[in-house]
Each structure stands twice: as structure tokens, then as C-alpha cells.
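Because only heavy atoms are used, hydrogens play no part in the values below, and waters and symmetry mates are left out as well, while side chains stay in. Numbering of residues begins at 1 and proceeds along the displayed sequence.
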Amino acid sequence: MLTAQGELAEAKELGVAKSSELRSEDLVPISMADSAMNGGNFAHNNTEPPQEIKVLPLFSLKGKTAIVSGAGAGIGLAVAQGFAEAGANVAIWYNSNKKAIDRAADIEKEYGVKCKAYQVNVQDPAKVEEAIKSQVAEFNHRLDIFVANSGIPWTQGAMIDGEIDHYRKVVSTDLDGTFYCARACGAIWREQKKNKLENFKAGSFVATASMSGHVVNIPQLQAAYNAAKAGVIHLCRSLAVEWVQFARANSVSPGYMATEISDFVPKETKDIWKDKIPMGREGEAHELKGAYLYLASDASSYMTGADMIVDGGYHCP
């Protein structure tokens, strides 16, 4: 049986409170050491601005390595193409769409960068970690950018009538998968910063959230998807604080996009969507390239914990 002193020691080791005798200052988790916090205050000047001051070079990703999950098609593929255009070497992940292998070859040929496709199940934390480590080793032993874009929709209507297994799959992919990816690449960025990797100031984690993390869009019912995407947004805010010394974390919240993920939706429902979008149409995947490039690059060096809504104005009225 632990004494009060033993409880305090164990609590400090685990980063949690276990004794009624713990003081408020003892409740700061050990992980806060990574975010330059001491007693609730951030250390002054614990990050550095980029040396470049001209705008176009700030957007350059030349010499950087990026991994984009869910990049077999749609948003993820467009983002991978955008990063390659900006000079990055890109690893693209897919789940079942083997066309990603050909798309990677096309990107490599067109933009003169290294680009390869890998089949990775983001629902498996061990496979995520293994994939990231092996690809970092293959891509010049560095990681600069990770885009957590893997996601699936809720397709079973009212949550009361939906299957629990479907709920688990949606949340496991959309939220848990984002967490697993963040956990693995965050550890790498911490080491790269500690070891002063050449030309590395901070990693950039960008997660694909959704306007559905901000509003309850209609007429479709998709409570599980909405909740998962709201969780992604707040996860990035939380990581922005935890990682402040070695990485930034932001999210993009697309609106209705003309991609494969919504192919199952009837035209009548899509017409209702357009009725409620000020711009009157779905977005195209390439219209998101700029948002992701901004967050991935030094152009957004003073931006962390933010969410960019790109939805044609849907959430405005």
C-alpha cells in the first residue's frame, strides 16, 4: 500500500493526481514539458519565425517530406499534387483504391519529386506507426508535413436506427485514425527538433475535419460523423498546445465537395445542399490545394490550433 509520499511520486511519474494531498501545481502533466509551460505560463520566445520574408518562397516545400493519408483520390490526391507542385517529396496512403499507385507515378513524373503510394490501415495504430517510421527512413530520413485526410461518411441515417459496428468504423477511421497518425508523427517531430535536423524548425500536422464539425447540416442525418469531425478540430487545438516547441497543428473544414465520398448521395439531396450554399455549388477538390499548402508551409508559421472553413459560405447564413 502506497504512502502519501509514494502516491505523490507515482502520480508525478504518471502525470496524474492520486493523492488528496497533491497541490494544484503538482497537477501539471509531464507532457506539458514539451509545450514550454511552467505553472500555466508559456515560456517567452520558445519558437522562431522563418528567416524568409518574401511571400512566394514562404509557400515553397522544396526539399521537404510530406505524408498524405486518404490520398487515393479526391481531396487527399489533390493535396498530394499541390504539395508536389510546391516541391515536396510525397508519400500517399490509400486503403483499397490501388489506382493510387499509378497516381503516385504520375505525380513523380510530372513534378520531378519522389512520390510513392502505400496501403495503410489508419485504424491500426501499430501499422500507422510502422508505416510512418519506414517511410521517413525511405524519404531522406525526415518528415516535415503530415496530412490526416482518411475518412469515411456515415451512411445509415438516424443514429437510433444505425448499426453500432458502422458507428465504430466511422469514429475509428475519422477520429481515432487521426489520433494514431498524430501520435506517431508527433514523436518523430519531437526527435527531429531535439536532434536539430537540418532545415527543420517545426513539423506541420494538418487534419481534414469538416464544416459538419461546426454545424448540423441537413437534410442527411449523420450524428456520428459530425461528432467525429468536431473531435478532430478540438484534437488539433489540443495538439497545438502540447506540441508548440516542435510542431504546429491545424485543420481544414471542407464543405460539400464533388468527390467520391458523396457519390452515394441522391441528386435530390445534393440539390437541397446547393439551395443552402451561397455559392450554389459543390466545391472541387483542387479548390482546397491552397488551404492545405498554406497550413503546411512557412506561410502559416504563426498559425496553430486553427481551423479553416472552406465551404462556399454554407455556415454563414
Side-chain angles (χ1 to χ4, degrees), residues 56-122 124 127-151 177-178 180-182 184-185 188-189 192 197-200 202-208 247-248 250 252 254 257 259-261 284-300:
L56 291 182
L58 286 170
F59 281 93
S60 174
L61 301 182
K62 187 175 181 180
K64 295 189 176 183
T65 296
I67 299 176
V68 183
S69 71
I75 294 173
L77 179 58
V79 170
Q81 290 168 336
F83 287 177
E85 289 178 56
N89 299 309
V90 188
I92 66 176
W93 289 8
Y94 68 95
N95 180 42
S96 58
N97 185 0
K98 294 187 181 298
K99 291 180 180 178
I101 299 171
D102 293 331
R103 299 294 81 79
D106 292 341
I107 290 172
E108 191 169 73
K109 181 178 180 180
E110 182 170 359
Y111 300 111
V113 299
K114 183 172 182 175
C115 186
K116 290 190 175 182
Y118 305 85
Q119 188 171 25
V120 182
N121 178 7
V122 299
D124 186 326
K127 290 182 179 178
V128 165
E129 184 175 4
E130 178 184 354
I132 292 175
K133 286 182 176 179
S134 64
Q135 288 157 32
V136 167
E138 187 177 349
F139 279 72
N140 202 28
H141 296 279
R142 69 179 302 127
L143 178 64
D144 299 277
I145 303 148
F146 192 101
V147 176
N149 179 68
S150 294
T178 301
Y180 300 148
C181 292
C185 64
I188 289 173
W189 287 328
Q192 289 183 174
L197 179 68
E198 185 177 2
N199 296 325
F200 177 82
S204 179
F205 183 80
V206 186
T208 300
R248 297 182 294 112
N250 295 287
V252 177
M257 308 302 294
T259 64
E260 295 84 346
I261 196 172
E284 297 292 333
H286 67 266
E287 294 183 282
L288 291 169
K289 283 184 180 181
Y292 283 87
L293 176 58
Y294 173 66
L295 293 176
S297 71
D298 284 344
S300 63

Next item on the list: Grab the two heavy atoms, one from Leu61 and one from Phe83, that are nearest each other, plus how far apart they are.
Entry: CD1-CD2, 3.7 Å
Item checked: Candidates Asn97, Asp106, Ile107, Val68 - the one meeting side chain to side chain contact (heavy atoms under 4.5 Å, CB included) with Leu77 -> Ile107
Margin query: Could you check whether any side-chain heavy atom of Ser69 comes within less than 4.5 Å of a side-chain heavy atom of Val120, counting everything from C-beta outward?
Written below: no
Check: Is any side-chain heavy atom of Tyr294 less than 4.5 Å from a side-chain heavy atom of Asn250?
Finding: no
Notebook entry, point to check: If we only count heavy atoms from C-beta on, is the Asp144 to Ser204 side-chain gap below 4.5 Å?
Noted result: no
Notebook entry, point to check: Would you say Val136 and Thr65 make side-chain contact, with heavy atoms under 4.5 Å?
Noted result: no
Notebook entry, point to check: Is there side-chain contact between Phe139 and Ile67, with heavy atoms separated by less than 4.5 Å?
Noted result: no
Notebook entry, point to check: Measuring from Arg142:CZ to Asn199:CG, what's the distance to the nearest 0.5 Å?
Noted result: 6.0 Å
Check: Do any N or O atoms from the side chain of Glu108 and from the backbone of Lys114 form a donor-acceptor pair under 3.5 angstrom?
Finding: no
Next item on the list: Give the minimum heavy-atom separation between Phe59 and Ala86, together with the two atoms involved.
Entry: O-CB, 4.0 Å
Check: Do Asn89 and Asn140 come close enough that some side-chain heavy atom pair is under 4.5 Å?
Finding: no
Margin query: Under the rule for side chain to side chain contact (heavy atoms under 4.5 Å, CB included), what residues qualify as partners of Glu129, not counting sequence neighbours?
Written below: Lys133, Ala184
Note to self: Has Arg248 got a side-chain atom pairing as donor or acceptor with Ser300's backbone, closer than 3.5 angstrom?
What the structure shows: yes
Next item on the list: Heavy atoms only: give me the nearest Ile92-Cys115 pair and the separation to one decimal.
Entry: CG2-SG, 4.3 Å
Check: Hey, are Lys116 and Glu138 close enough for a salt bridge, meaning a charged N less than 4.0 Å from a carboxylate O?
Finding: yes
Checklist line | Parallel, tilted or perpendicular, as decided by the 30° and 60° cut-offs, for the rings of Trp93 and Phe146 | finding: perpendicular
Check: Which distance, rounded to the nearest 0.5 Å, do you find between the NZ of Lys289 and the CD of Glu284?
Finding: 12.0 Å
Item checked: Those residues that, when tested against Leu58, pass side chain to side chain contact (heavy atoms under 4.5 Å, CB included) (two or more places apart) -> Pro50, Glu52, Asp298, Ala299
Check: Taking side chain as C-beta onward, heavy atoms only, is Glu110 less than 4.5 Å from Gln81?
Finding: no
Notebook entry, point to check: Of the non-hydrogen atoms in Thr208 and Tyr292, which two are nearest, and what is the gap between them?
Noted result: OG1-OH, 2.6 Å
Check: Of all heavy-atom pairs between Met257 and Ile75, which one has the smallest distance, and what is that distance?
Finding: CG-CD1, 4.2 Å
Check: Rounded to the nearest 0.5 Å, what separation is found between the CZ atom of Phe200 and the CG atom of Leu143?
Finding: 7.5 Å
Margin query: Let's go through Val252 and Leu295 carefully: what are the C-alpha distance in whole Å and the side-chain angles of both, what is the deciding distance for side-chain contact (heavy atoms from CB on, under 4.5 Å) to 0.1 Å, and is it a yes or a no?
Written below: CA-CA 9 Å; Val252 177; Leu295 293 176; 3.5 Å; yes
Next item on the list: Compare all side-chain heavy atoms of Tyr94 with those of Ser150 and state whether any distance is below 4.5 angstrom.
Entry: no
Item checked: Spatial distance of atom SG (Cys185) from atom CD1 (Ile145) [nearest 0.5 Å] -> 11.5 Å
Next item on the list: Nearest 0.5 Å please: distance from the OH atom of Tyr118 over to the CD atom of Gln135.
Entry: 5.0 Å
Notebook entry, point to check: Can you tell me how far the CD atom of Gln192 sits from the CD atom of Glu198, to the nearest 0.5 Å?
Noted result: 12.0 Å
Checklist line | Distance-minimising heavy-atom pair for Thr178 and Ala207 | finding: CG2-CB, 4.0 Å
